[in-house]
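Just so it is clear, the values below take in all heavy atoms, side chains as well, and ignore hydrogens, waters and symmetry mates. The shown structure was predicted, so the numbers you read here are calculated from the model rather than taken from an experiment. Within every chain, numbering begins at 1; the chains are lettered A, B, ... in the order of the sequence lines, protein sequences first and strands thereafter.
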2 protein chains.
Amino acid sequence: MLSIGTLAKRTGTKVETIRYYEQIGLLPEPERSRGGQRRYREADLDRLAFVRHARQLGFALEAIRELLVLADDPHQSCADADSIARRQLKQVEQRLSRLRALQIELQRMIEECRGESVSECRVLEVLRDHAECLTEHG
Amino acid sequence: MLSIGTLAKRTGTKVETIRYYEQIGLLPEPERSRGGQRRYREADLDRLAFVRHARQLGFALEAIRELLVLADDPHQSCADADSIARRQLKQVEQRLSRLRALQIELQRMIEECRGESVSECRVLEVLRDHAECLTEHG
DNA sequence: GGTAAACCTATATTAACTGCAGCTTTTTTC
DNA sequence: GAAAAAAGCTGCAGTTAATATAGGTTTACC
């Protein structure tokens, strides 16, 4: 059984954040020691790592909650799972294409810098395009 | 010249958020109409679109501020630009690999769902791995 | 078995927005 | 070209997702 501090260290999360996630119901209430301290198992570590990574990728807690529901019970409703998965996949693919563009531009800048001559920075142009946005928000 | 509402609509941003970005210095103070309303040009649209996309990708406003400094004046200091670009690129690449993993898992779920049988959901496992994290936060 | 590190709850603060109140400007429509 | 509706203004309060702090308890280790 892991203490909250160990869990925190192993996932790169603040102890306070773990308690916060429990409070809002993203993490289940763990067992407690006789003295009342939280005791976690490996599965909690997986769940927390998932939440942290998803957050780093820009998913809102509500979207993460949705994905966790999927993970908790994928049998429940195939139609639901499918629609959630499709929606999330669309988001993921959009993020991927933007990240790739940004990656290429940063690589170009580093390359040019090696030649002592960063002619110009096009990171703006790279993420400027919002053709897809138009379909997203009118 | 664009009104704040037009800018908002064209970038999928709330009007309040645009004013907030101006307040914290991410967007320059725009010109004003005789009556005192904000008037923007196309360049402001690019800048705002960049900020929004970067936010969606999970970059903190401070990281975005850094990228904007790079965009505003890449000549300024090649060493600075290089170190910022390298640091950001590392982040981007980490995000890319996690997003790819999530993409594959969501595709698999949708695929299985089509066969009316989501055997199990492995989104958790997909983002669980935190080998890189260990190097990030001890 | 004592003490330092880690944990507890509860509450306050921060970051990044979001919404509202009360008023002014701009646009539209007759 | 006037009036009414839509959009904008400032200033401030509220929300989300944490993060920090205060004051006290439990656990780990010599």
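Comparing dT10(D), dA18(D), dG8(D) by their nearest atom to the side chain of R55(A) picks out dA18(D). When the nucleotides dC9(D), dC7(C), dT18(C) are ranked by their closest atom to the side chain of R32(B), dC9(D) comes out on top. Comparing atom distances between the E16(A) side chain and each of dT21(D), dA16(C), dT26(D) picks out dT21(D) as nearest. Residue T17(B) places its side chain closer to dT18(C) than to any other of dT18(C), dT27(D), dC7(C). In the set dC8(C), dT18(C), dC9(D), the nucleotide with an atom closest to the side chain of Y20(B) is dT18(C).
A salt bridge links E42(A) with R10(A); the closest basic N to acidic carboxylate O contact falls under 4.0 Å. The residues K90(B) and E93(B) are annotated as not salt-bridged, no charged nitrogen and carboxylate oxygen being separated by less than 4.0 angstrom. Ionic pairing of E22(A) and R19(A) is not present here: no N-O contact between side-chain nitrogen and carboxylate oxygen is shorter than 4.0 angstrom. Salt-bridge formation is not detected for the pair R38(B)/E29(B): no Lys NZ or Arg NE/NH1/NH2 atom is positioned less than 4.0 Å from an Asp or Glu carboxylate oxygen.
Within the 4.0 Å cut-off from OP1 or OP2 of dA20(D), at least one side-chain nitrogen or oxygen of K14(A) is found. Checking the phosphate oxygens (OP1, OP2) of dC7(C), a side-chain nitrogen or oxygen of S3(A) falls inside 4.0 Å. Look at S33(B) and you won't find any side-chain N or O under 4.0 angstrom from OP1 or OP2 of dT25(C). Phosphate proximity of dT26(D) to R34(A): absent, as no side-chain N or O sits under 4.0 Å from OP1 or OP2.
Between the CZ atom of R19(A) and the C1' atom of dT19(D) there is a distance of 11 Å, rounded to whole Å. Atom CD in E29(A) sits roughly 10 Å away from atom P in dT9(C) (whole-Å rounding). Counting to the nearest Å, the P atom of dA20(D) and the CD1 atom of I18(A) are 14 Å from each other. Between E22(B) atom CD and dG11(D) atom P there is a gap of 12 Å when expressed in whole angstrom units. The separation between I4(B) atom CD1 and dT10(D) atom P is 9 Å, rounded to whole Å. The distance from atom CG of L7(A) to atom P of dA6(C) is 15 Å, rounded to the nearest whole Å. Here dC17(C) presents its P atom at 12 Å from CD of E62(B), a figure rounded to the nearest Å. Per the geometry, CD belonging to Q23(B) stands 17 Å off P belonging to dG19(C), to the nearest Å.
For the 3.5 Å distance criterion, the side chains of Y21(B) and R52(B) qualify, holding a donor opposite an acceptor.
Within 4.0 Å of R38(A), counting heavy atoms only, lie sugar-phosphate atoms of the nucleic acid but no base atom.
Along DNA chain D, the nucleotide closest to R52(A) and the one closest to Q37(B) are compared, and the more 5′ of them pairs with Q37(B). Both G35(B) and L61(B) sit near DNA chain C, but only L61(B) has its closest nucleotide nearer the 5' end. For the pair R39(A) and I24(A), nearest-nucleotide mapping onto DNA chain D gives the more 5' position to I24(A). The 5' end of DNA chain C is approached more closely, in terms of each residue's nearest nucleotide, by A60(B) than by the other of A60(B) and G36(B).
Surrounding CZ of R41(A) are at most 12 heavy atoms belonging to other residues, nucleotides or ligands under 6.0 Å away.
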